[in-house]
Amino acid sequence: MLDIRFIRENPELVKEGARKKRIPVDIDRLLEVDEKRRKLLQESENLKAEKNTASQEIARLRGEEKTAAIAEMKSVAERIKSIDSELESILIEYNALMLQVPNPPDEDVPEGEDDQDNVELRRVGELPKFDFEPRDHVELGELLDIIDIPRGVKLAGARSYILKNEGVLLEYGILMYALKKMVELGFTPMIVPHLVKDIAMIGTAYFPGGEEQAYTCERDNLHLIGTAEVPVTSYHYDEILDEKSLPRYYCGISSCYRREAGTYGKDTKGLYRIHQFQKVEQVIICKADEKISAEKHEFITRNSENLVKDIGVPYRVVLVCSGDLGQPQKRKYDIECWMPSRGSYGETHSSSKFFDFQARRLKLRYRDSGGNVTYCHTLNNTFIASPRILISILECNQQRDGSVVVPEILRSYLGGIEVIEPKK
RNA sequence: GGAGGGCUAGUCUAAUUGGUAAGGCAGCGGACUUGAAAUCCGCCGCGGUUAAACGCUUCGGGGUUCGAGUCCCCGGCCCUCCGCCA
């Protein structure tokens with residue numbers, strides 16, 4: 001959410017940002033509604049002021065004077081009621097519009113339609129060369145008996161899978177290694193609720209708009225998280241932090257659940273696009289300082305790059321173009337790891353900078369040394385997401401016989417083995 | 001699921017049986033001091049304003065009333081006990 005004052009003072013800039021992001025929103029209507037809102041609010045508050053002083057007075061009055069004053073206040077109370085109900089309906093529209101207004105992207109974000117227009121910033125690592133016909137991760141998974149997709153589908157439908165044997169150890173190994181690194185980097189690890197209330201979904205800007213992508217438990221009015229970003233960023237919902245305690249480095253580990261509605265026929269093979277996966281997510285809450293935000297954005301991006309380097313798969317970093325940005329982000333980098341079966345880099349990480357966009361929705365503030373209350377800035381980035389990263393690991397490290405060399409850093413989690421061998 | 005108790009600002013704790021949230025502690029700023037402690041003064045829920053004014057705030061939402069922390073209804077959460085349970 002943006003500051004309404006900012007929108008009022010920079011309507012063209014806000015409209016331009018929405019245009020760049022290809023997000024339709026009626027700013028003129030919003031300004032109109034805002035004006036009505038302020039007018040009604042003022043009327044209402046004036047009458048309430050009148051009511052409050054009169055009420056004090058009434059307590060002191062006696063007899064006829066009292067009766068008269070009460071009668072007069074009765075009509076004031078009715079006017080307040082009618083103005084407030086008008087205000088209420090205006091607020092419904094106002095709030096709905098406010099939640100739609102996108103965060104204008106950074107100046108230097110390239111303009112574009114979709115991920116085709118993302119700009120590559122750097123490539124790291126050498127692509128593997130095979131002197132045999134490489135297998136994809138689905139084949140490898142079967143051969144090694146570490147991935148069972150048919151039975152996952154049998155139990156839970158399309159986009160479901162089962163990890164087995166070294167597949168499980170590999171996934172937990174990566175997650176554990178990632179957690180260990182997070183702690184070393186000063187992040188506070190957190191295990192968070194997977195089911196959250198509306199406020200967390202709205203606060204992190206997944207709602208409104210993303211309802212189709214989330215699993216919802218209607219009976220309990222709770223939603224399964226698509227990422228630990230949601231509960232971790234919402235951790236300090238409606239709190240005022242001490243400036244001295246910033247920045248806060250948090251990392252959440254959780255399963256992630258996504259309906260993947262509207263993606264039928266896309267990435268149907270294998271573990272690339274699935275309903276449930278696990279992730280370690282970095283979240284930073286910092287002061288409202290654009291420079292600090294930018295630094296932290298580079299920081300969390302670099303952290304993930306270093307982890308990918310440790311794992312040893314080639315990757316590239318792209319600057320996401322305006323049309324591929326979501327509503328809340330100022331700027332986003334995707335890290336994409338090499339996936340031989342796709343013949344391309346596939347997105348494994350998403351590093352986002354929001355400024356105070358989420359913080360406003362979450363009422364996440366801090367008090368500075370002068371006593372001023374200000375909305376924080378938030379950022380987040382995937383640290384590692386599995387099993388998607390397994391696609392790269394398995395496919396890049398495969399050998400002629402279908403065996404897969406385990407990245408060195410993960411071997412201790414697999415009982416020290418160096419190679420996962422075909423089972424039969 | 002059943003029974004009972006509770007929820008007031010960071011925290012603790014009050015509020016004429018309906019009259020518009022009083023205080024203590026912690027914290028922040030200042031004075032005094034060589035420094036600190038003690039003491040004294042100010043600030044110390046949110047919004048709003050250049051600053052005021054003013055509005056809002058007693059778990060949330062309704063209602064009664066000129067006026068609700070207080071009375072009524074619906075819901076939430078916490079604690080204790082019982083039952084069930086990994």
According to salt bridge (charged side-chain N to carboxylate O under 4.0 Å, His left out), does anything in residues 165-174 of chain A pair up with another residue at least two apart or in another chain? List the pairs. A/E166-A/K423

Just by distance, with hydrogens left out, do A/Y333 and A/H297 show a side-chain donor and acceptor under 3.5 Å apart? no

More 5' along RNA chain B: A/K66 or A/E88, using each one's nearest nucleotide? A/K66

Given that A/Q56 and A/V373 both sit by RNA chain B, which one's nearest nucleotide is further toward the 5' end? A/Q56

From B/rG63, B/rG47, B/rC66, pick the nucleotide closest to the side chain of A/K81? B/rG63

Where the side chain of A/A59 is concerned, which of B/rC66, B/rG19, B/rC46 is the nearest nucleotide? B/rG19

Between A/H236 and A/Y250, does the ring centre distance come in under 6.0 Å? yes

Between A/Y272 and A/H137, ring centroids under 6.0 Å: no

Would you call the rings of A/Y257 and A/H194 parallel, tilted or perpendicular, taking 30° and 60° as the class edges? tilted

Using 30° and 60° as the class limits, which term best fits the ring planes of A/F187 and A/Y249: parallel, tilted or perpendicular? parallel

Should [X] be listed as having a side-chain N or O under 4.0 Å from OP1 or OP2 of [N]?
X: A/R5; N: B/rU49; result: yes
X: A/K51; N: B/rC66; result: no
X: A/R367; N: B/rC46; result: yes

Who pairs with [N] - Watson-Crick or G-U, where each distance is under 3.5 Å:
N: B/rC85; value: none
N: B/rC56; value: B/rG45
N: B/rG69; value: none

Going by an N to O cut-off under 4.0 Å, is there a salt bridge joining A/D238 and A/R365? yes

Would you list the protein and nucleotides 53-55 of chain B atom pairs, both N or O, that sit under 3.5 Å from each other?
{"unit_1": "B/rG55", "atom_1": "OP1", "unit_2": "A/A49", "atom_2": "N", "d": "3.4"}
{"unit_1": "B/rG55", "atom_1": "OP1", "unit_2": "A/N52", "atom_2": "ND2", "d": "3.0"}
{"unit_1": "B/rG55", "atom_1": "O2'", "unit_2": "A/E45", "atom_2": "OE2", "d": "3.2"}

What are the atom names and distances for every N/O pair under 3.5 Å that joins the protein to nucleotides 72-77 of chain B?
none

